[in-house]
There are 2 protein chains.
Amino acid sequence: MPRPRSLTPDQLASAALAVIDRDGLAGLSMRAVAQELGMSTMGLYRYVRDREELERLVVELVLSAVDTEPPNPGASWREQVEVLVRRLRDTVGAHPEVVPLTIAHRHHSLGVLRWAETVLAVLTEAGVEGERRVVALRGLLSYAIGAIQLEHLGALSGPGTTAITELSPAEFPHMTETARDARNVGADQEFLGGLAILLDGLGV
Amino acid sequence: MPRPRSLTPDQLASAALAVIDRDGLAGLSMRAVAQELGMSTMGLYRYVRDREELERLVVELVLSAVDTEPPNPGASWREQVEVLVRRLRDTVGAHPEVVPLTIAHRHHSLGVLRWAETVLAVLTEAGVEGERRVVALRGLLSYAIGAIQLEHLGALSGPGTTAITELSPAEFPHMTETARDARNVGADQEFLGGLAILLDGLGV
DNA sequence: ACCTGAACACCGTTCAAGT
DNA sequence: ACCTGAACACCGTTCAAGT
């Protein structure tokens, strides 16, 4: 842990995020970030032990942007959870290239811990407790993480699905039909639809 | 597309998978795979255009191992879907390091298309159709993908959760309590529990 | 024609040399 | 003491040189 000088961790993370948003995750390198900041490559090591720590800073920057304020307490628990999951998806989805890093470093993120705390508060208020609460939180997070990735690696209505439409209908009868149905389903509808199924199941 | 000679794509993929299982995804390199096969590095390029194509072969090898036979047709749709999702998780989970590759290349995978076809057949039999079927398939896949990743990057009962137990109970009252509850929840229970919530929601 | 080693343009990180 | 460029050990891939 060297003593920072003219740069805050946030500024460092912002520079790295700018590189990622511009050149993709593959474009992220110590050299590129240093250049972005107009400093020598080795200068970065004054702020960060290694590349992994830089990645953690980027993840923290993105996840700390998730609004974790309890949503409208007058609303039903269902609406409140929906708002919270939606916030996570929208905030992380704004930087899709960061998603893989987000997953690898999730444990160190204060942002996601705060988000989970708020979700748990709502669930507890709704009477979900004990092991069911454990499973519910984990289920919501799993769904959100998986859905964000699927969404950004090709929406069901995107080019990947078009390829599916061209599959042999003899071998894949249901897939070809479902791909046709999917053309009318937008990304938001898809995400919120899956979330609704989870929330329905939680309410049982 | 050069003409293969003494090696099948499966043998190539198996060698790469052996490297990954031994040295992790970070250990995967053209040089390492070539060495594993006792051939020159450039020899690989007779079989594969570039590293990305090698990765696709690995993904296909893993995903084609998913059993896509329709499960016991006498069982309820709910049990059948549960069996199918479980198979996906168990097969992919056997090679956790491959998961990131699996996601990036999922569209090219015949294995996952066949899996989805079987799931859709069961859903259709259960009366799920049209846009709801689209959302259901995508929801199940999102959940499975997210859960597999969370599971292998630290079970809720693992060391990550222990760190959560040490969080300030004042700032994270629900998280600390939930982490205690999570100690009794195994990985299987967690995965199947979340899946049960989804299936409950689908049955509504 | 087929195969492959050297070479090129990268990478993260060490370390000694500069101030 | 602080900073940094050269160097080291990697990487994917090109290409010319070997057979």
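Here is the naming used below: chain letters follow the sequence lines, and residue numbers restart at 1 for every chain.
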**Student:** Over how many whole Å does the gap from B/Y47 atom OH to C/dC3 atom C1' extend?
**Tutor:** 11 Å
**Student:** Quickly work out the B/E53 CD to D/dG12 C1' distance and round it to whole Å.
**Tutor:**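 B/E53 atom CD is separated from D/dG12 atom C1' by 15 Å.
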**Student:** Please pick, from D/dT4, C/dT13, C/dT4, the nucleotide with the shortest atom-to-atom distance to any side-chain atom of A/R51.
**Tutor:**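 Out of D/dT4, C/dT13, C/dT4, the nucleotide with an atom closest to A/R51's side chain is C/dT13.
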**Student:** Where the side chain of B/E131 meets the backbone of A/D181, is there a donor-acceptor pair that is under 3.5 Å apart?
**Tutor:**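 No.
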**Student:** What's the closest nucleotide to the B/Y45 side chain, out of C/dG5, D/dG12, C/dT13?
**Tutor:**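 Within the option list, the nearest is D/dG12.
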**Student:** Measure CG/B/L25 against C1'/D/dC11 and give the value in whole Å, please.
**Tutor:** 14 Å
**Student:** Is it true that the NZ or CZ of A/R86 lies under 6.0 Å from the centre of A/F191's six-membered ring and within 45 degrees of the ring axis?
**Tutor:**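 The answer is no; the distance or angle limit is not met.
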**Student:** Using heavy atoms to find the nearest nucleotide of DNA chain C for B/M39 and A/L28 separately, return the residue whose nucleotide is more 5′.
**Tutor:** B/M39
**Student:** Could you give the CZ-to-C1' distance, from B/R31 to C/dC11, as a whole number of Å?
**Tutor:** 12 Å
**Student:** I need the CG-P distance between B/L37 and C/dT4, as an integer number of Å.
**Tutor:** 12 Å
**Student:** Give the rounded distance in Å between these two atoms: CE of A/M30 and C1' of D/dG5.
**Tutor:** 16 Å
**Student:** Quick one: stems for DNA chain D, with Watson-Crick or G-U pairs under 3.5 Å, at least three in a row?
**Tutor:**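 For DNA chain D the paired stretches long enough to count as stems (3 pairs minimum) are C:4-8 with D:12-16, C:12-16 with D:4-8.
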**Student:** Would you say B/R46 places a side-chain N or O within less than 4.0 Å of OP1 or OP2 belonging to C/dC3?
**Tutor:** yes
**Student:** Using whole Å, report how far CD of A/Q35 lies from C1' of C/dC11.
**Tutor:**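 A/Q35 atom CD is separated from C/dC11 atom C1' by 15 Å.
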**Student:** Side-chain polar contacts of residues 12-27 of chain B - donor-acceptor pairs under 3.5 angstrom, sequence neighbours left out - could you list them?
**Tutor:**
| from | atom 1 | to | atom 2 | distance (Å) |
| --- | --- | --- | --- | --- |
| B/S14 | OG | B/D10 | O | 2.8 |
| B/D21 | OD1 | B/H95 | ND1 | 3.1 |
| B/D21 | OD2 | B/H95 | ND1 | 3.0 |
| B/R22 | NH2 | B/E36 | OE1 | 2.3 |

**Student:** Within the structure provided, determine whether B/L54 and B/M30 are in side-chain contact (heavy-atom separation under 4.5 Å).
**Tutor:**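 Side chain of B/L54 against side chain of B/M30, heavy atoms only: contact under 4.5 Å found.
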**Student:** So, do B/L140 and B/L195 sit near enough that their side-chain heavy atoms are less than 4.5 Å apart?
**Tutor:** yes
**Student:** Students often get this wrong, so: under 4.0 angstrom with heavy atoms, is A/M42 touching a base, only sugar-phosphate, or nothing?
**Tutor:** base
**Student:** Going by heavy atoms in the side chains, are B/L150 and A/R138 under 4.5 Å from each other?
**Tutor:** yes
**Student:** Flag the pair A/I148 / A/Y143 as yes when at least one side-chain heavy-atom distance between them is below 4.5 Å, and no otherwise.
**Tutor:** no
**Student:** Among D/dT13, D/dG5, C/dT13, which nucleotide has an atom closest to any side-chain atom of A/S40?
**Tutor:** D/dG5
**Student:** To the nearest Å, how far apart are A/E52 CD and C/dC11 C1'?
**Tutor:**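 Rounded to the whole Å, the gap is 17 Å.
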